[in-house]
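The figures that follow rest on heavy atoms only: side chains count, while hydrogens, waters and symmetry mates do not. Naming convention: chains lettered A, B, ... in sequence-line order (proteins, then strands); numbering from 1 in each chain. None of the values given here were measured: they were computed from a predicted structure.
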Protein chains: 2
Amino acid sequence: MGQGADHLTSNQAQVLDHLRAANAPMTAYQLLGRMQNDRGAVAPPTVYRALKALEEAGLIRRIETLRAWAPVATVRPGVVVICDDCGTVRGVEAPGLLESLHERLVAEGFAEARKTIEVHGRCGDCAEDRA
Amino acid sequence: MGQGADHLTSNQAQVLDHLRAANAPMTAYQLLGRMQNDRGAVAPPTVYRALKALEEAGLIRRIETLRAWAPVATVRPGVVVICDDCGTVRGVEAPGLLESLHERLVAEGFAEARKTIEVHGRCGDCAEDRA
DNA sequence: CGGATATACGTTATAGTATAACATAGCGCA
DNA sequence: TGCGCTATGTTATACTATAACGTATATCCG
């Protein structure tokens, strides 16, 4: 587990721990609340700086459609699948898909820098629960 | 031009006009500023309500990674391609791609409701300008 | 040692995005 | 006429994110 990290600072480690302990993405202010429980006063920049460093280290990513953050372990590669019922988030491998999109764009002279692919819906477990 | 619309209210038409006149997505508060220029006092809910109605009518969509809004005409189907240099946004057809992703998810028991696919990078025109 | 630089962090304030809640106005129609 | 519906106005506030400045600590090297 864990790649791309050098040494995490204690703020960064704490944020990462909370994200890994959660079973759904957390917003920055949810994290802020947890940190304020753990120790005393914490201000938003503390959280956002940790999030930025962790994102740059490849350890977390922002789920754009949720305005929230998730550890990369649960979300891995290109495609993020989000259950709107239970809130869980998974990464789905889709190598061919990313490949073919890439070729499409290259053919048009577009130089890709960053891809965001997020799918909302209901996961199998939640569908069963309603059956 | 234009589908899915019933009758637009004047707020909605005004917002849509501004979005169509722009060559890049606009934030809600940019739109708010334009509306305040056009007539006098306008408050955020006026803009957000119009955006919501237009989105439900399929006439615009939110570009999640930009926190901004674009007319569907410029952005069409599944894949949104964004140039980080000039700010323009295009829709790219990618039927096979969406198809195969869909099948992947169905196979896992996941029921899709909404897909967001956004690609950032530099468009061909901007690449030339730097050559 | 002592100073220069770099990094993280604390702290205060503010910018930017979005919605809740309640009041009002106009329209269609029983 | 009076009811219900929809859109709008209006005020306030919630939520998300960053700017700007100061301080502490570590590191490197003269």
Would you find a donor on one side and an acceptor on the other, under 3.5 Å apart, between the side chain of Q12(A) and the backbone of T9(A)?
-> yes
Salt bridge (Lys or Arg N to Asp or Glu O under 4.0 Å) pairs touching residues 107-121 of chain A, sequence neighbours excluded, are E64(A)-R114(A), R104(A)-E108(A), E108(A)-R90(B), E112(A)-K115(A)
Minimum side-chain heavy-atom gap L32(B)-M26(B) below 4.5 Å | no
Under 3.5 Å donor-acceptor pairs involving side-chain atoms of residues 40-55 of chain A, not counting sequence neighbours:
| residue | atom | partner | partner atom | Å |
| --- | --- | --- | --- | --- |
| K52(A) | NZ | E56(A) | OE2 | 3.4 |

Which nucleotide of DNA chain D is the first, and which the last, in the 5' to 3' direction, to come under 4.0 Å of a heavy atom belonging to chain B?
-> dA7(D) to dA17(D)
Test V15(B) against every option in L59(B), L31(B), L8(B) by the side-chain contact (heavy atoms from CB on, under 4.5 Å) rule and name the one that passes.
-> L31(B)
Given DNA chain D, 5'-ward residue of the pair Y29(B) and S10(B), judged by closest heavy atom = S10(B)
How many angstroms lie between atom CZ of F110(B) and atom NE2 of H102(B), to the nearest 0.5 angstrom?
-> 11.5 Å
Would you find a donor on one side and an acceptor on the other, under 3.5 Å apart, between the side chain of E128(B) and the backbone of D125(B)?
-> no
For residues 21-30 of chain B, the side chain to side chain donor-acceptor pair (under 3.5 Å) pairs (sequence neighbours left out) are none
Heavy-atom contact window of chain A on DNA chain C, given 5' to 3' at under 4.0 Å = dA8(C) to dA18(C)
Polar contact flag, side-chain donor to acceptor under 3.5 angstrom, Q14(B)-R39(B) | yes
5'-most by nearest nucleotide on DNA chain D - Q12(B) or L66(A) | Q12(B)
Looking at residues 37-52 of chain A, who's got a heavy atom less than 4.0 Å off DNA chain D?
-> P44(A), P45(A), Y48(A), R49(A)
Between V119(A), T88(A), T65(A), which is the residue that forms a side-chain contact (heavy atoms from CB on, under 4.5 Å) with I82(A)?
-> T65(A)
